[in-house]
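Along the sequence shown, residues carry numbers from 1. Note that the structure is predicted; figures quoted are calculated from it, not measured. FYI, side chains are in, hydrogens and waters are out, and symmetry mates aren't considered; it's all heavy atoms of this structure.
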Amino acid sequence: RALSKLPATDSSVIVASEPLWAAGFASLLLGESLDGSKAIGGGLILAGCIANALLPESLVSSAPGNESPPVSGDASERSS
């Protein structure tokens, strides 16, 4: 409910970092240990969240393969 009031980029960062929070709280509260692969995975999730938050929107939208399909009924497609 609260995530629907946030911008999409903010809510995606929160949702993507949820496993990180779970692992952190399990480590602190339950005494679970994090091995190397879990720590690397957490670092990659964190790096992705930071990149998503800091990269300018223009850089993301101009990435290769991120082109928008033409809109149906666009004025440039009309021949008359």
Side-chain angles (χ1 to χ4, degrees):
R1 196 168 166 181
L3 289 177
S4 65
K5 299 183 188 294
L6 292 174
T9 54
D10 293 343
S11 61
S12 69
V13 168
I14 292 170
V15 170
S17 65
E18 188 174 341
L20 240 135
W21 289 104
F25 282 122
S27 178
L28 290 174
L29 299 175
L30 303 175
E32 294 287 326
S33 62
L34 297 176
D35 60 358
S37 64
K38 291 177 186 173
I40 291 172
L44 289 173
I45 291 173
L46 188 61
C49 290
I50 291 171
N52 185 35
L54 297 180
L55 282 178
E57 184 69 28
S58 61
L59 181 63
V60 174
S61 63
S62 66
N66 202 17
E67 293 83 20
S68 302
V71 178
S72 176
D74 189 12
S76 63
E77 293 179 0
R78 295 182 189 145
S79 60
S80 53

Heavy-atom closest pair (Gly42 atom, Leu20 atom, distance to 0.1 Å) is O-CD1, 3.2 Å
Got a donor-acceptor contact below 3.5 angstrom from the Ser27 side chain to the Glu32 backbone?
yes
Quick one: closest heavy-atom pair of Ile45 and Ala16, and the distance?
CG2-O, 3.3 Å
